[in-house]
Each structure stands twice: as C-alpha cells, then as structure tokens.
Amino acid sequence: MNGKIRQASAHAQQVEERQDETLIIPNQQVEEEIPSEEKLAELIHYKITSLASMGLFALTRLWPPLGVLGLGFYIYSAIPYMRDVEKSLTKDHKINVDVLFFIGDSLTLGSRKYFTAAIGLYLMHWGKHSVALAKNDSKTKLSGLFENLPQKVWVQIGEEEMEIPLTDVKKNHLVIVDSGGVVPVDGTIIEGMASIDQHPLTGEAQPVEKEVGAPVFAHTMVITGRILIRVEKSGDETAAFQIGNALLHATEFKTGVQLKGEKWADMATLPMLAGAAIMLPTMGPVPTIVFINSHIGNRIRVLAPMSTMTHISHALSHGILVKDGRVLENLHKIDTILFDKTGTLTMEEPEVGKVIALASFNETDVLAHAATAEQRQNHPIARAIMKKAQDAGVQPSQHQDSEYRIGYGIIVFRKGIVIRVGSMRFLEEEGIIIPETVLQHQEWAYEQGYTLVLVSMDDQVAGCIVLQPTVRPEVRDVIARLRQQGIKHLAIVSGDHREPTRQLAESLGMDDFFHDVLPQDKADIVTALQGQGRSVGFMGDGINDTIAMKKANASISLRGATTIAMDMAEIVLMDGDLNSLNELLELSEKLRRNLNRALMFTLAPGVINLGGAFIFHFSILTSMMVNLVLGSFAAWNARRVGKLPEPKKKTTQDQIPHVQLTVNPAPAELEVCACNPFAENGTSMLTLRPFFSEFQKS
C-alpha cells in the first residue's frame, strides 16, 4: 500500500481513543424512545383534556361554576406532568426544568390565572405530541423494509419434507431452498449446490456459486440450484434482522445541538430557581412567573428531534435511508471520502469489453455461440453477453437441450454440435485443450481485473469474451460536485490489482488509490487518515467493508431500489444512484443550519421574557404568548427542509420501460403493456379507449 498506512500508524490508537470519547455517548444520555400506539393515544388524550380545561376556564365568565369542572380537568391533565416532577425529586434527586415550571404553574394557579395556567399545560402536551408524531412518522416509513422473507419454509425432518412457519424454525433445523427462493436464515449448506445472489449483503455484482460447507445468509436469493441449509441463526438473530431493527431506531438519539441546549437548560435551572425565590417576596408572583417562563426549558427537546426527523423523512422520500440522525447532523464535517471500487463506483453488471476469436472462427461466430448458450440464463454474465449480441445485431439460435454446471459454465446441444461457455477450469474438466493464446489473454485479464469467459465448439476453443466492470455514468459529475461541496480528499480502496485501480482513479480524478487491500486493511486506512486530522466518510457495499465503516466518521452504502442495504452502513442510498450522495451532503448542511436556528429560537423567547420580567412588566399571559408565537414559528422552521437541487441523474436504456402496443379488435381500445421495473410485478397495464377511436380514423 505504498507505505501510506504506516505513515500514520503512530496516531492510530490516539484516534481510536478520541473516537471513543467523542462519538460514544452513554445510552442513558442519548436514547429517545420511539412512541408506541398506546403512548400516542395517551398523548392525544391528555392534549384533548387540557384543551377542554382551557375551554372551561374561558367560559367561567359566562357561568362561574364551570371553573370547578375546569380545575378538575386541569388536575387530571397534569397527572403525567406531576409524575415527571415526582420522578425527578424522589428517584433522580434532581431539580430540573420540570420542577421549575411546576413551581411556576403552581404560582399561576395560586394567582387565580386559571385560563393562563391551562394554556401552559396545553402547550406542554402539544409539544410532546408533536415530537411523538414526528418519531412515529419516521418509524412507519422505515418499518416493512425487511419484510420480504417467506412466511413458511420447507424443512427436512428425517426422510420427510414438511412446510412449517418461519417463526418455528430453530437452530440446527434443515431448511430447503429451491431455485428462485429467498434464503430465510443464516446457516451452512450441507447438501446441494446453488448460484446465489448475495448482493443485498455483500455487494458482489455477480452471483456466487456455493456448495457444501459454504455459509449462506438470510435475504439472499437462490438463482439456480437447490440447497439444504443447517440453520445457525433465524428470526431476530440473523444479520439482516439486526440491521433492520437498527433502522427503526434511526431517530432515537439526541443530536449534538440538542445535547448542548439541554446542558445549558440544566445549568440555568438552579440559578433561576434561586432568583425566583428572591423575586417572589420582593416583586410579587407575576414578575416571578414571567421570569420562570424565560427559562429555555424543553423547547430544544421539541425542536431538535422534530428538525432531525423531518430531514430524515425528507431524505427517505429522496431514496436516502438515514439510520442515525447524529450522522446526518455531522456529515457536513466530512472532508475525505473513501470509495470501495466494485459495486460502488462500478455498475452491478459487467459489460463485454471485446470478443476474441481463435482459429477459423470470427468474432460474430463466438458471440453468436455464446448468446445461443446463455439466452435462457438470468445471471449478470448472461445478461452482458445478450446485450452485446443485441447491440451487434447477432441473433442466438435455438438449441435442443442444455446442461448448466454451477460454478463452471453451461453446455448446450444444437444440431449435433456441443457448445460450451464458461470458465477455463470448466473447459479443462471437459477435456478441452486450452491454447497458449488463451492463457496469455487470461493472464492479461487477471492483471486488469477483468473476467474471461471461454467459448468452445465441440472440442475446440472458438474464442473468449472479455467482461469488464462498467463505471457508473454519473460518477464523474458526482465527484466534481463533491469538490464544490468542500470534499478535499477522494480515494479508491479496492481489493483489485494495482493497474486497474490506478487507471480508474486517474480517469475519475481521484486524489489517491489503495490496491490489493484486505478487509482489515481498509479499517487501517481509515484510522491512518483520521490520524492525519481528516474526517473520513467510507462508502462501501459489503460485509468486507464493515470494519472500515465502523471506524469511519460516517459510513454510506449504495443500493438499488429493490435491494436495501443490510450491512453496517449508517446511511444507505437506496435508489442506486451516486447523485444521491450530493443530495445527502446538501441535506446535512440544511440540517446543520436548521438546528442552529432551532437553538436561536430556543434562546430568543427567554431573552424577551427576561427583559419583560424586569423592564416591560409583562403579564403571565403575555410571556406565554411570546413563547407560543416564537415557538410556533420555530416548529414551522423545524418541519421545513427547503428544496434540494435537482440531481443530475442520467437516464439509461435500462431505465426506460419497454412498451408493447396491442390492439383489441372489439370496441376500439388500445392496451399498453409496459414492462415497468418499478411496478410490483414488473408489468403495468394502461387502457386507452376514446383517443384510440380517433387514432383509427387517422
């Protein structure tokens, strides 16, 4: 790695210790509970009863006996409030802001300002309910992302196979998964072979051929084959469930601004209580209550979570899944981004770089034979070959029979001719002699990080097809915009060889690159850069990246719309487009500004009321109206994100739905069958009737 890791090795431990001090906060200080449905109903209930109390007190001028009923509603509505005060005094042995405001409310009631006291109680319940609604909204959007597992699975018990609920599957059960099925558990294959799409967990662009002894993971898909899995983890023990559960707690942590505001509030409580004790006998209850109302109180506890969750929900609507609000808040501090190469900077599917013909064959022959063999397959290599054949105008022939060899290749029989397409190992085991020229091409492809697929006719190698990774079309534009957004250092981290990594880094204008990197080395690179004073974001897509992601100041993963990331990334770009990275940084900057405004709105009412207590002789209601007006404006600001710049996303041919027009001869109507990749079943039907009658006439 050219000594880049060793240059900062002396700082590695210091950085790790510093991270522990600054990023790891005791749970009791930072956890924010996601409200249950029962809790939401309770908050609504007390908000309504406090509103009823306020209404009854307002009507006492028309009929005074209503004041007794209003007082009853007030006391009932204050029960949760009094419980918080009791907990603070008896269990926590602490005088906090709840105690201070309770004293103020008691003084308000003692001064017979019943309607004013009811307004204060309603505002408290309104604030709690607003925060709970924001949290529940985020929870609703996040829930269900990982509910694609089957409800029932087939298990082998003795010599019999039976179907049982997935919830009944336990460790050491033998689960059967056939072609097209989703692996429902984490475990080990004990029988069979299969081609498995592991991209949701590992980010591997191509299906992995697995046989006996290989591990498999929940939420991966069996493309071909049939396997028997010995269960090691199921249900909430699987890696996928753990990550899904983490998503539902994305908003449970307090931001830095909120912690700062609460710290100021705690520091001000005792001095203000002492000041109120002096003011009460000297200036009377009204100035004292106004003085208490100048405390910054719980406003930051309402505004900061509301703002954070609004931005998280906004991010989700733009295809960005944020698992921890603190990361979004601090993302604007990132000055270095490391990109994993495969699956992040390159497309999921490879493309055919060139076709090499041998002996008496030409390139069209080689491509035609390969397309004939692969036309019924659905793995990435087959799709790349078929796309190349289509672009070249080569039509595959029909074949009578085929035999798919998992992990090797495919054999098809056409008019007495045997066509083999697959790896060099596959052809060697079939007894076919590999020419020296092919060995040279294989060595060259290996050095470049390419894949070589061999094609043979009967017992002779006809040629080979070079598959190379496709750089995402938006990468260069994204990198240019990252520079504009203040990212100073961009680098590629790859397990590939030096030459292909270097070529890609130079073509994209990266500042640096790291090649032949093992998973544990990726984490060392992150730590080394942090030792140089950098704030590092790591963008990866697999289990091999998780150690580095944990070390990084921010970890980001890239996923497609149907394969939500199940790794350790704190932020997931779900739409599979790197342009979302620029949107993400812009959103982080907007959240930073919004939280700073929230802190300002927290302090402003207190400053005004403090002056009102000593200079302008505010009434209690006036001080509450100051809190209400500025608080309402602050709440509006907290729910405001602002328009993000439109991403410069490029439309590819694969993103354009294929449209087939079918004329129904009975009343004139036109059916448009669109093979839409965004529809649930991949197909959308649209029937156009009135307009087609005019179309027929013309």
Side-chain angles (χ1 to χ4, degrees), residues 195 205-207 209 342 346-399 402-405 407-415 417-473 496-497 499-500 503-504 507 652-654:
S195 176
Q206 300 177 11
E209 314 297 344
T342 305
T346 59
M347 301 288 284
E348 296 178 13
E349 292 189 8
E351 67 176 357
V352 175
K354 61 180 179 178
V355 179
I356 302 170
L358 302 176
S360 59
F361 300 95
N362 57 44
E363 294 180 6
T364 301
D365 294 334
V366 174
L367 189 57
H369 296 327
T372 298
E374 299 284 3
Q375 60 184 310
R376 298 178 185 176
Q377 304 301 313
N378 194 37
H379 51 78
I381 292 177
R383 290 195 293 268
I385 291 173
M386 294 306 299
K387 184 178 184 303
K388 179 66 175 180
Q390 183 180 5
D391 293 344
V394 175
Q395 292 294 328
S397 303
Q398 296 299 318
H399 54 77
S402 66
E403 181 180 343
Y404 182 66
R405 303 286 181 85
Y408 296 97
I410 187 170
I411 303 174
V412 299
F413 304 92
R414 175 181 171 270
K415 295 181 180 180
I417 301 173
V418 181
I419 302 173
R420 296 176 176 86
V421 179
S423 64
M424 183 180 297
R425 180 176 63 173
F426 169 50
L427 265 61
E428 287 177 338
E429 293 200 358
E430 289 292 311
I432 297 176
I433 299 175
I434 307 298
E436 182 64 29
T437 305
V438 175
L439 296 176
Q440 294 173 359
H441 286 305
Q442 175 75 11
E443 184 178 353
W444 168 82
Y446 177 79
E447 288 297 328
Q448 298 297 318
Y450 299 158
T451 299
L452 202 66
V453 176
L454 275 61
V455 181
S456 73
M457 289 287 292
D458 290 330
D459 296 329
Q460 184 180 9
V461 177
C464 46
I465 296 174
V466 178
L467 295 171
Q468 60 190 40
T470 307
V471 178
R472 295 181 181 274
D496 285 349
H497 311 303
E499 189 57 27
Q503 290 179 8
L504 181 60
S507 67
T652 65
Q653 189 65 30
D654 292 338

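Within the 4.5 Å cutoff, no side-chain heavy atoms of K387 are placed close to those of R383. Looking at R472 and T346, their side chains never come closer than 4.5 Å, going by heavy atoms from C-beta outward. Looking only at side-chain heavy atoms (C-beta outward), M424 and I434 come within less than 4.5 Å of each other. Within the 4.5 Å cutoff, the side chain of L367 has no heavy atoms near those of the E363 side chain. Looking only at side-chain heavy atoms (C-beta outward), H369 and P396 stay at 4.5 Å or farther from each other.
The two atoms that bring P435 and I433 nearest to each other are CD-O, 3.4 Å, heavy atoms only. Across all their heavy atoms, A371 and A389 have their closest contact at CB-CB, 3.9 Å. Of all heavy-atom pairs between N362 and D365, the closest is OD1-N, 2.7 Å. When all heavy atoms are compared, the tightest approach of A373 to I419 is CB-CG2, 4.4 Å. Contact detail for G463 and V366: the closest heavy-atom pair is CA-CG2, 4.0 Å. Closest non-hydrogen pair, P350 versus T470, comes out as C-OG1, 3.9 Å.
The existence of a salt bridge linking K388 and E351 is excluded, since no basic side-chain nitrogen approaches an acidic carboxylate oxygen closer than 4.0 Å.
S423 contributes atom OG, which lies 9.0 Å from atom CD1 of I381 (distance to the nearest 0.5 angstrom). Atom CE in M457 sits 9.5 Å away from atom OG in S360 (nearest 0.5 Å). Rounded to the nearest 0.5 angstrom, Q375 CD and S397 OG are separated by 8.0 Å. Between atom CD of residue Q442 and atom OG1 of residue T451 there is a gap of 9.0 Å, rounded to the nearest 0.5 Å. Within the model, atoms CZ of F426 and OG of S456 stand 7.0 Å from one another, a figure rounded to the nearest 0.5 Å.
In this structure, D459 contributes its side chain and I432 its backbone to no donor-acceptor pair below 3.5 Å. A donor-acceptor pair is defined here as one N or O able to donate and one able to accept, closer than 3.5 Å; no such pair exists between the side chain of R420 and the backbone of I410.
Listed by first then second residue, pairs satisfying ring pair (Phe, Tyr, Trp, His ring centres under 6.0 Å) with a partner in residues 447-471 read W444-Y450, not counting sequence neighbours.
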Original post:
Please walk me through it: do L452 and I465 pass side chain to side chain contact (heavy atoms under 4.5 Å, CB included)?
Top reply: CA-CA 6 Å; L452 202 66; I465 296 174; over 6 Å; no

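Environment of CD in Q390: sparse, with no more than 12 heavy atoms of neighbouring residues, nucleotides or ligands closer than 6.0 Å. The local environment of CD in Q503 is crowded, with over 12 non-hydrogen atoms from other residues, nucleotides or ligands closer than 6.0 Å.
With I356 as the partner, the side-chain contact (heavy atoms from CB on, under 4.5 Å) test is satisfied by one option alone out of V455, T437, V466: V466. Just one of L454, V453, V412 meets the side-chain contact (heavy atoms from CB on, under 4.5 Å) condition when paired with V421; it is V453.
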